[in-house]
Amino acid sequence: DAGVTQSPTHLIKTRGQQVTLRCSPKSGHDTVSWYQQALGQGPQFIFQYYEEEERQRGNFPDRFSGHQFPNYSSELNVNALLLGDSALYLCASSLDAGVGRGTQYFGPGTRLLVL
Amino acid sequence: QQQVKQSPQSLIVQKGGISIINCAYENTAFDYFPWYQQFPGKGPALLIAIRPDVSEKKEGRFTISFNKSAKQFSLHIMDSQPGDSATYFCAARPFSGGYNKLIFGAGTRLAVHP
């Protein structure tokens, strides 16, 4: 049973560009959450998707957007990249079934470097 | 503001010793407290978790102690091994309106020396 997978593993972009990160949840999971982990820090919650809708959002600007597909996979889009967006972007999946209490399992992350 | 404060920032323990990492929360009711272990280049992996109606939970060499009145919880790693060397994060999930959002501490980098 494959766990949470993310692509790409590494990415280098320049300021002002746009980036799309992808996540496939663990088999049977219906909810995807995205986190940003700056170097030496704990993960910070960006937003969560359930039933193809953004269910909750953390303290991140509108430059960060996402999408969830019918197969539960998800994308994170970041527009107008800033140097400060350089971080490890983590996807976590869980089985919530609308209850919002499932254990979150994390993927390996995508390392984004903005130059 | 919802916060989880974690200490120490780094920890060095000899093989066979006990590693202790502490976390404290404030201002908000949380209903679930997981600990995650992260190795370099990897995503966080769930290690052990506790709910506030339990004061202690043990799984193998890992134990969570929970003090609800003090709003503190800690991770104890017994008989620490070099393979335990990693960064450990405590986290908490808000009770109301949380929709499974996790709030993480800043992490503790543990080094177990042989």
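Sequence lines set the chain letters: A, B, ... in the order given, protein chains first and strands last, and positions in each chain run from 1. What you see below is based on every heavy atom in this structure, not just the backbone, and it leaves out hydrogens, waters and symmetry mates. No experiment lies behind these values; they were computed from the predicted model shown.
The aromatic rings of Tyr36(B) and Phe104(B) sit tilted relative to each other, their planes meeting at an angle between 30° and 60°.
Side-chain contact, Gln6(B) with Thr108(B): a donor N or O sits under 3.5 Å from an acceptor N or O. Between Gln37(A) and Gln38(B), the side chains place a donor N or O and an acceptor N or O closer than 3.5 Å (distance only, hydrogens not considered). Checked by atom type, the side-chain pair Gln9(B)/Ser7(B) shows no donor-acceptor distance below 3.5 Å.
By the 6.0 Å and 45° rule, Arg55(A) stacks over the aromatic ring of Tyr50(A).
Gln44(A) places no side-chain N or O within 3.5 Å of a backbone atom of Asn59(A) that could act as its donor or acceptor partner.
A salt bridge does not link Arg51(B) with Asp31(B): every distance from a Lys NZ or Arg NE/NH1/NH2 to an Asp or Glu carboxylate oxygen is 4.0 Å or more.
Most heavy-atom pairs under 4.5 Å with chain A: of the set Gly105(B), Gly43(B), Pro44(B), this distinction falls to Pro44(B).
Contact annotation for residues 106-115 of chain A against chain B (heavy-atom separation below 4.5 Å, listed by residue number): Phe106(A), Gly107(A), Pro108(A). Contact residues of residues 84-92 of chain A toward chain B are Leu88(A), Leu90(A) (heavy-atom distance under 4.5 Å).
With ring centers used as reference points, Phe45(A) lies 6.0 Å or more from Phe47(A).
Interatomic distance, CD1 of Ile64(B) versus NE2 of His76(B), reported as 10.0 Å (0.5 Å rounding).
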